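See structure below.
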Amino acid sequence: MTDSGDMSGVNDMGGADDMCGADGLEGAGGSAGGVVDGTVDVLIVGAGPTGLTLACDLALRGASVRVLDRRDGPHRESRGKGLHQSSLEVFERLGVAERLSALGTRDLTLRKYFDGAPVTDTPTAGGLLICQWQVEEALRERLADLGTRIEYGAEVTALDQDASGVTARRADGRVVRAAYAAGCDGGRSTTRGLLGIPFEGYTEENPTMVIADVRAPGLSREFWHQWFTSEGGGIMLCPMPGTDSFQLQASPETDGRGRALPPGPEGLQRLFDRHARMEGIRLRDVTWLSTWRVNVRRAARMREGRVFLAGDAAHVHPIAGGLGMNTGIQDAAALGRTLAGALAEQGPPEGIASEGIAAEASAAGAGLDAYEAERLPAAAALLADTVERHERVLAAVREPGRGTEAGLDRPDRA
């Protein structure tokens, strides 16, 4: 399926910035009337890793920000589970890298099994294995230190723009005014829908994987266990640092006609028994359970006037290589630089706009274009790269002793 419209079923597992769905979108041209509930330099929609990184970056540069998230509160799901060195460099500047490095682990051995028997161990190093919720928690606390707290239960339902700023209307009727806005609200981005920006690409119809956070008492936490079989399919359990849980990834359980069954705790145990063949290991305490299907999509543009897209709101792709959360962090760093430059040119807001901002807006436009000029080609390259990585992994796991390391950077790309 290839289209540029509806995202039904996109990123069921919840991407790095996913905000659990966003339907019933209004056009951006509708009125966002109402009493203005404060004015800021930048309004950020979405409190995932991308939105939080952007908020901390801007706050450190002296900009005023508000962060709205439609969820009721923070999650504690492993989700995206790795930080690359480039992301840690961004976090070093934000003041959270040391804390995150202490929480995660850099050395992890992949133990590969085939038809139930251990075949080979593959050490990996370079990145940082860590739960996504731990990354978000560190960024939230850093942002609070900088004077800003996340506003949860705050769904944006309309966006208007004029020469001097953006007006956002919330579902509760309150209105927020900002010089600029950023949609960091996941694959089902409300912001992208309100702007009418096509999400071009395709979504595979059938789920590719079930994902869960589980406990597995008795299973060694020294390895990322990866079981594959000659009949196809497999299951993986990765120990998550700072917890007693594993992130489980498995081929979906199917019925007699090959159709994926809804995942559940009993089904996860059946999948484990079939692929791992380790008697006595019982999966317990399933705290997060979702499905994932292949989505390869990119926003047709990452800027509409004074509103920008970043992270999963701008691109979704196969998870091979662990690039999703990391690419969103790089988007945020680039957008922070762009917006800080624009704000410096136009000066501090007064009501929202400083005197002469409308005249300066056109001159600042060239600088604002720099973000899309940098990140849209990066998104296109990301999609092509992750599709290739995904295909490499699917081919590799059919061979005894091979696993997800096939999706990591190849030596010729180092």
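From a predicted model like this one, the values you see are computed outputs, not experimental measurements. Below, all heavy atoms of this structure are taken into account, side chains as well, without hydrogens, waters or symmetry copies.
- Pairing each heavy atom of Leu58 with each of Ala340, the nearest pair is CD2-N, 4.2 Å.
- In this structure, a donor-acceptor pair under 3.5 Å is present between the side chains of Gln269 and Asp273.
- How far CZ of Phe228 is from NZ of Lys112: 8.5 Å, rounded to the nearest 0.5 Å.
- Nearest heavy atom pair, residue Val393 against residue Ala320, reads CG2-CB, 4.4 Å.
- Taking the centre and axis of the six-membered ring of Tyr371, the NZ or CZ atom of Arg303 falls outside the cone set by 45° and 6.0 Å.
- Looking only at distances, a side-chain donor or acceptor of Gln134 sits under 3.5 Å from a matching main-chain atom of Pro241.
- Of the candidates Ile319, Val296, Leu323, Val294, Leu323 is the only one forming a side chain to side chain contact (heavy atoms under 4.5 Å, CB included) with Thr386.
- Across all their heavy atoms, Asp41 and Ala63 have their closest contact at OD2-CA, 3.4 Å.
- Closest heavy-atom contact between Tyr180 and Ala342: OH-CB, 3.6 Å.
- Counting only distance, with no hydrogens or angles, the side chain of Arg142 and the backbone of Cys56 share no donor-acceptor pair below 3.5 Å.
- The closest donor-acceptor contact from the side chain of Arg149 to the backbone of Glu151 lies at 3.5 Å or more, if one exists at all.
- A donor-acceptor distance shorter than 3.5 angstrom exists from the side chain of Asn295 to the backbone of Arg293, with no hydrogens or angles considered.
- With contacts defined as side-chain heavy-atom distances shorter than 4.5 Å, the pair Phe308/Thr191 does not qualify.
- Here Thr167 contributes atom OG1 and Asp162 contributes atom CG; the two are 6.0 Å apart, rounded to the nearest 0.5 Å.
- Shortest non-hydrogen contact noted between Ala314 and Leu309 is CB-CB, 4.1 Å.
- Once rounded to the nearest 0.5 Å, the distance linking CG of Leu283 with CG of Leu237 reads 6.5 Å.
- Between His315 and His317, the ring planes are tilted. Angles from 30° to 60° get that label.
- Between the side chains of Thr109 and Asp121, no donor-acceptor pair is found at a separation under 3.5 Å.
- Within 6.0 Å of CG on Asp255 lie more than 12 heavy atoms contributed by other residues, nucleotides or ligands.
- Formation of a donor-acceptor pair under 3.5 Å by the Arg71 side chain with backbone atoms of Gly46 is not found in this model.
- Val397 and Leu394 get closest at one heavy-atom pair: CG2-O, 3.6 Å.
- Thr203 and Arg297 form a side-chain donor-acceptor contact under 3.5 Å, judged by distance and modelled atom types alone.
- Using a 4.5 Å heavy-atom threshold, the side chains of Val67 and Leu143 count as touching.
- By the 4.5 Å heavy-atom criterion applied to side chains, Leu268 and Leu289 are counted as neighbours.
- Contact check on Arg337 versus Glu374 returns a salt bridge, with a Lys/Arg side-chain nitrogen under 4.0 Å from an Asp/Glu carboxylate oxygen.
- Annotation: salt bridge (Lys or Arg N to Asp or Glu O under 4.0 Å) contacts of Arg375 (sequence neighbours excluded): Asp331.
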